[in-house]
Amino acid sequence: RTRSRHKSFGEDSDGVGSTVSFSLVVLAKSALLRISADDIGLVASTVANILQSGESVRERRGALQLIGLVAQKYAVLLYPFLEPLVAAIVQAIEPKHATARKTLIGAAGAALQGLVRAYPWVSFHPESQCLAVGCIDGRCTTFDLRTATRTAVYDSQTAAPVAAVAISPRGDRVASFVLGSGLLSIWDPSPSALAMFARSLFWPASDDGASSEPSSGTVTPAKTM
């Protein structure tokens, strides 16, 4: 008696199924890059939304992998959306979600390493796990990857793009260079407790009466050149 074997969809003894799958991946990658070139804001906001609210860990891992691909191809176009994108990456590895953090930490690290390589205004200090990101509006934001939190926002008050960021070898200073004005600022990433308390007391209120102070506070430069 001859026994027949039913093949699953896409399976082929000549490897045709594998070839088709590979071709689909290539086409999908090409389509994503074309969409990124046409509407990078849509891609950035979609990726950030997946990282912040996606229920599937696999989906979030895919979004992290996409960040590295887009940054490599369209670094300049992605710059205006860089800070919220980094914030979403950091949020995806919050310690309170231990299982997801363990699963995503490798992909998140690869995505952040890709951003450090692509942008002179993104810097990482391995010992302190501090990540500093220069923004298009002259601000510089730091994140602590151990706690997955935004630690401070440094405002150069120039409203000009940050062109370079560096963290000192000891991790106790952050330097940022603003394009156009030529302003080089050296920031203290650990403002005194007294200064933080003063900001909480005297930060101006918004129109609705609530304090407009960000959760991490905004600090002024320790030194400018």
Side-chain angles (χ1 to χ4, degrees), residues 25-26 28-37 39-48 50-52 60-93 101-154 156 160-180 184-187 189:
V25 170
V26 172
K29 178 179 176 180
S30 177
L32 282 170
L33 289 176
R34 288 189 179 186
I35 294 172
S36 299
D39 195 342
I40 192 71
L42 174 63
V43 173
S45 61
T46 302
V47 168
I50 291 173
L51 292 175
Q52 292 170 335
R60 281 181 279 170
R61 188 190 296 116
L64 289 168
Q65 293 170 344
L66 179 60
I67 291 172
L69 178 66
V70 174
Q72 182 181 10
K73 188 74 174 179
Y74 301 112
V76 175
L77 294 178
L78 193 60
Y79 181 22
F81 311 97
L82 193 57
E83 186 197 17
L85 201 55
V86 169
I89 297 174
V90 173
Q91 184 179 340
I93 54 172
R101 178 182 172 93
K102 184 177 180 180
T103 305
L104 295 174
I105 194 73
L112 292 174
Q113 286 175 1
L115 296 179
V116 170
R117 287 193 297 267
Y119 300 100
W121 48 87
V122 179
S123 183
F124 178 64
H125 188 260
E127 287 74 19
S128 65
Q129 290 289 291
C130 175
L131 181 74
V133 182
C135 305
I136 200 167
D137 59 1
R139 294 177 300 111
C140 181
T141 304
T142 57
F143 299 87
D144 185 344
L145 299 189
R146 294 169 301 187
T147 58
T149 56
R150 181 188 280 109
T151 53
V153 180
Y154 310 115
S156 67
V162 174
V165 169
I167 303 174
S168 67
R170 293 189 299 178
D172 59 348
R173 291 289 187 274
V174 177
S176 62
F177 178 75
V178 177
L179 196 65
L184 173 63
S185 301
I186 301 176
W187 317 87

Test side chain to side chain contact (heavy atoms under 4.5 Å, CB included) applied to F124 - qualifying residues, sequence neighbours left out: V116, P126, Q129, L131, L145

Smallest heavy-atom separation, F81 atom then A44 atom, equals CB-CB, 3.7 Å

Between W121 and Y79, is the ring centroid distance below 6.0 Å? yes

Taking the side chain from Y154 and the backbone from V174, do they hold a donor-acceptor pair closer than 3.5 Å? no

With the threshold set at 4.0 Å, does a side-chain nitrogen-carboxylate oxygen contact exist between E127 and R170? no

Applying side chain to side chain contact (heavy atoms under 4.5 Å, CB included) to A110 and not counting sequence neighbours gives none

With sequence neighbours left out, the residues meeting side chain to side chain contact (heavy atoms under 4.5 Å, CB included) with P80 are I136

Mind checking the CG-CZ spacing from L115 to R117? Nearest 0.5 Å is all I need. 9.0 Å

To the nearest 0.5 Å, how far apart are CD1 in I93 and CZ in R101? 5.0 Å

A side-chain contact here means heavy atoms from C-beta on lying under 4.5 Å apart; do L179 and V162 qualify? no

Atom OG of S156 and atom CG of L184: how far apart are they, to the nearest 0.5 Å? 11.0 Å

What's the shortest heavy-atom distance between D172 and S168, and which atoms? OD1-OG, 2.8 Å

Under a 4.5 Å cut-off applied to non-hydrogen side-chain atoms, are F143 and T149 in contact? no

List in chain and number order the residues that pass side chain to side chain contact (heavy atoms under 4.5 Å, CB included) with A166, two or more places apart in sequence or in another chain; answer none if no residue qualifies. none

Under the salt bridge (charged side-chain N to carboxylate O under 4.0 Å, His left out) test, which residues partner R61, sequence neighbours left out? none

Scanning both residues in full, the closest heavy-atom pair of I167 with C130 reads CD1-O, 3.5 Å

Residues I186 and R173: closest non-hydrogen pair is CG2-CD, 3.8 Å

Could you go through the side chain to side chain contact (heavy atoms under 4.5 Å, CB included) check for L104 and R60 one step at a time? CA-CA 8 Å; L104 295 174; R60 281 181 279 170; 4.0 Å; yes

Which heavy-atom pair separates P169 from H125 by the least distance, and what is that distance? O-NE2, 2.7 Å

Determine whether a donor-acceptor pair (N or O, by modelled atom type, separation under 3.5 Å) exists between the side chain of T151 and the backbone of T142. yes

Side chain to side chain contact (heavy atoms under 4.5 Å, CB included) assessment of V90 paired with R150: CA-CA 8 Å; V90 173; R150 181 188 280 109; over 6 Å; no

Please report the interatomic distance CG(D137) to CD(E83), rounded to the nearest 0.5 Å. 7.5 Å

What's the spacing between C140 SG and W187 CH2 if we round to 0.5 Å? 7.5 Å

Among V133, L78, V165, the one residue meeting side chain to side chain contact (heavy atoms under 4.5 Å, CB included) with Y119: L78

For residues 62-70, please give each side-chain donor-acceptor pair under 3.5 Å, one per line with the distance, not counting sequence neighbours.
none

